Every structure is written in C-alpha cells, then in structure tokens.
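Note that the coordinates shown come from a computational prediction; the quantities given were computed from them, not determined experimentally. Both backbone and side-chain heavy atoms feed into the values below; hydrogens, waters and symmetry mates do not. Here is how names work: the chains are called A, B, and so on, in the same order as the sequence lines, proteins then strands, and each is numbered from 1.
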Amino acid sequence: MPRLSTSFYEQTDVAGISKALLGKYLLTSFNGMITGGRIVETEAYRGPDDKACHAYQNRCTRRTQVMFETGGVAYIYLCYGIHHLFNIVTAEAGMPHAILIRAIEPVLGIEAMQDRRGMSKVSPQLTGGPGVMSKALGIDKAYTGISLTEPESPIWVEDRREPLTKEAILSGPRIGIDYAEECKEWPWLFWIKDNPFVSKRR
DNA sequence: CACGGGATCGTCT
DNA sequence: GACGATCCCGTGT
C-alpha cells in the first residue's frame, strides 16, 4: 500500500487535509512489529492565526520549530507531563500548520498494542484518545521531526482506498482549548460518525 | 453516569 | 513558578 506523499501533506488547507485523513491508516513499525489502524478522529491547528495552535503568531521555540518544516513530518510533544501527542505537520515550509491525530480504530498488531497499553481486551480506550493512541502505537516524543514520507520511516500513513461518504464525517469545536478565545469555536475537530473509537467528549 | 482531582514534567515566562 | 491539544480512578447518585 502506498504511503501518503509530500504532495498530500504540502497542501495549504489544513482543515481539508484533516478531514481527508479520516479513513486513512496510521501505522508504525518498531522492531519488525507493525501496529496501527484506521484514523477516525483528527483536529486541525493553523498557526499563525489560530490561538489554539502552539505556533500562534509564528511562535518558534525548540518545541515548535518542527511545525515550520515542510509538510509530512511528525510533531510530537509531551502533554501534562505524561502523554505524547502525535501530530502531522502540513503546508509548505515556514507555514506552521499541524493535525493532531486523536484516535484510530485498531486493525494491525492489536495484541502488541494491548501489551503496550496493559489491556487484556479491545475496548474504545485502547486507541480512542490522543495520549492512549500514541502509547498503543509505541510513539513518543523522541520521534518528533521524523519524516512520514520516506520509505524507511517507522511511522507513516497509508491510503487503502476506503473512501468515506460526506454523511459519515462530522465536525465540531476542538477539545481542551478553552484558553483560545474566539478560536475555540472553530469547527476543526473531525470524526467518523458512530465509530466507537472516537474519543469521549469532555 | 457525572463529576472532581491527582499524576507528572517539559516548556516558556 | 505556572500550566497544559490528557487520562484514570475514586466518590456519589
């Protein structure tokens, strides 16, 4: 299956790419073990004019500098001291857009993902939520900045040609960004309708 | 099921 | 020194 390429990630409409990623497959390969599944929930962040984005007003720090690279690299950071949240950088170099992948439906390497999570059963909590999804996939912030498009990359996204209908995609305000003032109402959270692995609202 | 709080540490002020 | 693009568990109903 083909990996999504730089031409996909370099598009400028971050909300559109966010929606287009639904139904694609996010996969990792560590120590020969492939794990991953179908993307069911995403969130768009559009620096520099988005107050919810870490790169608001082009703020460039050691943490955020990878967001300024060309589309198709990983932006991974530690949240609340515990969770490693996985984002995909989009747009051309110098334009800090990113998409947070919030949930996948587990498909490949399910037992390995259960081991990483310490869970004996498959439940929505296995991969439904940005922190637990990264943990299930074996992703941590050591991988921030890596390419998702090179053939040897251990993290990538595949298009398995499983298109979604317009009716299957819903959107709403993003989660956990109360500080973002007027931007917090922007409907840039996207999810697949009725999918049990979409994270719970809070 | 709803709610509240604790965990835990890198990052920026 | 404060706080966060979260999660999990305990309590009460």
Side-chain angles (χ1 to χ4, degrees), chain A residues 9 14-19 21-22 26 39-69 71 73-91 95-106 113-146 148 155 157 170-192 196-202:
Chain A
Y9 297 117
V14 68
I17 303 174
S18 215
K19 203 186 298 186
L21 282 170
L22 295 175
L26 174 61
I39 297 170
V40 298
E41 185 177 359
T42 62
E43 221 164 46
Y45 288 88
R46 189 181 71 188
D49 65 324
D50 176 3
K51 290 182 178 175
C53 184
H54 293 161
Y56 175 54
Q57 291 182 326
N58 285 318
R59 181 214 301 255
C60 186
T61 66
R62 191 149 61 240
R63 180 176 67 153
T64 63
Q65 63 186 356
V66 307
M67 293 181 74
F68 293 82
E69 293 184 23
V73 302
Y75 168 50
I76 305 164
Y77 71 96
L78 185 65
C79 185
Y80 294 96
I82 304 173
H83 305 292
H84 298 257
L85 301 204
F86 173 75
N87 299 252
I88 300 174
V89 173
T90 68
M95 182 58 71
H97 296 177
I99 296 164
L100 173 65
I101 311 299
R102 295 188 53 90
I104 62 170
E105 177 181 323
M113 293 195 284
Q114 287 179 278
D115 284 348
R116 289 174 181 145
R117 293 276 291 115
M119 295 177 71
S120 57
K121 293 183 175 176
V122 174
S123 75
Q125 286 71 41
L126 179 64
T127 53
V132 297
M133 183 202 77
S134 291
K135 187 169 183 188
L137 290 170
I139 291 173
D140 68 52
K141 74 186 191 72
Y143 296 99
T144 197
I146 70 164
L148 308 181
I155 308 174
V157 180
L170 300 181
S171 64
R174 294 168 292 178
I175 295 173
I177 56 159
D178 287 348
Y179 57 86
E181 300 176 354
E182 76 275 12
C183 304
K184 72 184 177 192
E185 302 306 327
W186 296 357
W188 286 358
L189 169 67
F190 302 96
W191 69 94
I192 296 180
F197 293 91
V198 171
S199 71
K200 301 280 185 296
R201 295 294 103 80
R202 288 177 193 280

Find the distance [X]:[atom1] to [N]:[atom2] and express it as a whole number of Å.
| X | N | atom1 | atom2 | result |
| --- | --- | --- | --- | --- |
| A:E181 | C:dA5 | CD | C1' | 16 Å |
| A:Y179 | C:dC3 | OH | C1' | 11 Å |
| A:F86 | C:dC7 | CZ | P | 16 Å |
| A:M67 | C:dA5 | CE | P | 12 Å |
| A:H54 | B:dT13 | NE2 | P | 13 Å |
| A:R116 | C:dC7 | CZ | P | 17 Å |
| A:E43 | C:dT6 | CD | C1' | 12 Å |
| A:I177 | C:dC3 | CD1 | P | 18 Å |

- Query: A:S120 and A:Q114: side-chain donor and acceptor closer than 3.5 Å?
  - Reply: no

- Query: What's the shortest heavy-atom distance between A:A103 and A:V198, and which atoms?
  - Reply: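 Looks like CB-CA, 4.4 Å.
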
- Item | side-chain hydrogen bond (donor to acceptor under 3.5 Å, both in side chains) contacts touching residues 177-188 of chain A (sequence neighbours left out) | A:K51-A:E181, A:K51-A:E182

State which residues pass side chain to side chain donor-acceptor pair (under 3.5 Å) with [X]; sequence neighbours excluded, sorted by chain then number.
| X | result |
| --- | --- |
| A:S18 | A:T42 |
| A:S171 | none |
| A:D50 | A:R174 |

- Looking at every strand, decide which applies to A:L85 at a 4.0 Å heavy-atom threshold: base, sugar-phosphate, or nothing.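 Sugar-phosphate contact only - A:L85 comes under 4.0 Å of backbone atoms but never of a base.
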
- Rounding to the closest angstrom, what is the interatomic distance between C:dA5 and B:dC3 at atom P?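 The same atom, P, in both gives a distance of 22 Å.
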
Output one line per pair: protein atom, nucleotide atom from nucleotides 8-11 of chain B, and distance, for all N/O pairs under 3.5 Å.
from, atom 1, to, atom 2, distance (Å)
B:dT8, O2, A:Y80, O, 2.3

- Message: On the nucleotide C:dA5, are OP1 or OP2 found under 4.0 Å from the side-chain N or O atoms that A:H83 carries?
- Response: no

- Who pairs with A:Y77 by ring pair (Phe, Tyr, Trp, His ring centres under 6.0 Å), at least two apart in sequence or on another chain? A:H54, A:Y75

- Per-nucleotide pairing state of DNA chain C [Watson-Crick or G-U, under 3.5 Å; [ ] pseudoknot-crossing; | other strand]: ||||.|||||||.

Identify every side-chain donor-acceptor pair in residues 135-145 of chain A under 3.5 Å, counting partners at least two apart or on other chains, and give the distances.
from, atom 1, to, atom 2, distance (Å)
A:D140, OD1, A:A142, N, 2.7
A:T144, OG1, A:I76, N, 3.0
A:T144, OG1, A:I76, O, 3.4

- What residues form a salt bridge (Lys or Arg N to Asp or Glu O under 4.0 Å) with A:E105, not counting sequence neighbours? A:R38

